[in-house]
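Okay, structure first, notes after.
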Amino acid sequence: MNAYVYGYGPAGKERLIVVDLGVTFPDMDSSPGVDLIMADVAWLEENKHRIDAIFITHAHEDHIGALPHLWPRLRKPVYARRFTARIGALKLEEAGIGTEDLHVVEPRPQVIEAGPFKVQFVPVSHSIPESSALVIDTPAGRIVHTGDFKLDGSPIVGEPFDPVMWHEIAGEGDGVKLLVCDSTNVFSPQPGRSEATLAGPLTQLIAEQEGMVVATTFASNVARLKTLAEAGRAAGRSICLLGRAMKRMVSVAEETAVLTGFPGHIPAEDAADVPRHNLMLIVTGSQGERRAASAQLSRGKYLGIEMKDGDTFLFSSKVIPGNERGVIRIMNAFSEKGVEVIDDRGGLYHVSGHANRPDLEAVHDLLKPQMLIPMHGEHRHMREHSKIATSKGIASLVATNGMMIDITGQAPKVAEYIEAGRTYLDGSVLIGALDGVVRDRIRMALNGHVLITVIIDEDDVPLGDAWVELMGLPEVGRSGTPIADQIEDELAEFLERAPDKIISNDDKMDEALRRIARQVTMEEIGKKPEVTVVVSRLMAD
């Protein structure tokens, strides 16, 4: 959920630019029921009068996904290259937001002036078209913000990494003061491989299969989609794309002319009529997403298509840490159907979109920055990247969420800490991480829920017995008696002897009834559930 802020000016009055507004995805352990997670931009919102522009480096969800959710709180001009801007426009339009503040820019040498900043988009190779680094010139020096990148001279779709251009960037003016650099693959010891190296292995693999072939990869990896489709056509197979996100990416890539020559493909309704040995599906769901085409095929029929014994399913992708469980679930479901499941086989059928360790070091040597701040990846990745920089005499510091870094001196130093939490998209509503909604949901998931209802008449006398409903709890505990009955018996006994000062006070009633319910469930099943007490009071006419 990338969101970076650069500022220049007197302390507390700096003019600001924002780089990327991304999302990350929830999991059932830490954020059940949540749809998306994004940065808490409360500090930015408070200071939006100081923001001059928002820049989006590329169209991956972790860089652009929060645009329709957070832009209405900031309402500043947004700059992006053509493909990225089109993806952003579609997101804004779906949210009912106008696109008049979304501006298409060309890559270097075009310069966008935003307050004291002069910004250029510089093409880099990545796993989505028109990815860009940013060269940010300030009165205090030049910053290079790499975004996500790799060194690829033949990326199939999009621009290759251009070392000549980067030599120019490094040599202009006083050189590069600060490099803010991708750290994702810092622990990968071999130089990264080009997207072009996959064509041969994929073509051979698909040609050798006898049944239907289904392949999945990241929907945004347009180059991989083209390579897979061309490999399928070379094997004499009809190609069918399944999944809304994948169709959108191909459509936008063709519309913006970053993708040409994509093999013809058939609609899903025609795929079921094609002989299995002549059909190849390219589908969404490489990360085990439950609603994506891969998962639905693993559970049964999808749009009239069903995988059978003798078919092949290929993961032309790497599993993002945290998604292993969902991917393995799909793999096992296909295996039970007799489907041959093939993963990336150590890079044979997939290459990363991020620079490996030797490539990062090559960029350090090329740009020769005075300072380096690692970004992208987990803390251990950024710490390792910082150590590499320090070993080369480059001043470095690991910046964590909310840390404001002063880079005007000879080395980066912490200037201030900004409160930087998370915002959840829960259904159609944005909620804060500390609002208690997700916390209560987790508590109910772990411990169950008890609902107690009591009616009190106009004389503050209980009318009948309290009744209890359980959710997410066993009906019977260790005593063999229904737990709801036991709680009701204990509540009845309490209500018979409770003094008037408790019966007449809703807060004291709530506390007492809640305590009784938890005591019973703790004795019976060893859990203290969430308890809701409803006290209904009858009023005299």
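S386 and S396 form a side-chain donor-acceptor contact under 3.5 Å, judged by distance and modelled atom types alone. Checked by atom type, the side-chain pair H354/H376 shows no donor-acceptor distance below 3.5 Å. Between H364 and H385, the side chains place a donor N or O and an acceptor N or O closer than 3.5 Å (distance only, hydrogens not considered).
A salt bridge links R357 to E361: at least one charged side-chain nitrogen sits closer than 4.0 Å to a carboxylate oxygen. Taking the charged nitrogens against the carboxylate oxygens, K91 and E94 have no contact shorter than 4.0 Å, which rules out a salt bridge. Using a 4.0 Å cut-off between a side-chain N of Lys or Arg and a carboxylate O of Asp or Glu, R108 and E172 qualify as a salt bridge. Under a 4.0 Å N-O distance rule, the pair R441/D426 qualifies as a salt bridge. The existence of a salt bridge linking E159 and R81 is confirmed by a sub-4.0 Å separation between a basic side-chain nitrogen and an acidic carboxylate oxygen.
When all heavy atoms of D182 and F149 are compared, the closest pair comes out as OD2-N, 3.3 Å. Minimum interatomic distance between P412 and I405 (heavy atoms only, all atoms of both residues): CB-CG2, 3.7 Å. Among all heavy-atom pairs drawn from A53 and Y79, the shortest one is CB-CE1, 3.7 Å.
Taking the ring centroids of F315 and F313, they lie under the 6.0 Å cut-off.
To the nearest 0.5 Å, the span separating CG on D359 from CD on Q190 amounts to 10.5 Å. How far CG of N2 is from CD1 of I64: 12.5 Å, rounded to the nearest 0.5 Å.
Using bins of under 30°, 30° to 60° and over 60° for the plane-to-plane angle, the ring pair F55/F121 lands in the tilted bin.
Judged by distance alone, with hydrogens and angles left aside, the side-chain atoms of H69 form no donor-acceptor pair with the main-chain N or O of A66 at under 3.5 Å. A donor-acceptor distance shorter than 3.5 angstrom exists from the side chain of E14 to the backbone of G12, with no hydrogens or angles considered.
Side-chain atoms of L92 and P68, non-hydrogen and from C-beta on, do get closer than 4.5 Å to each other.
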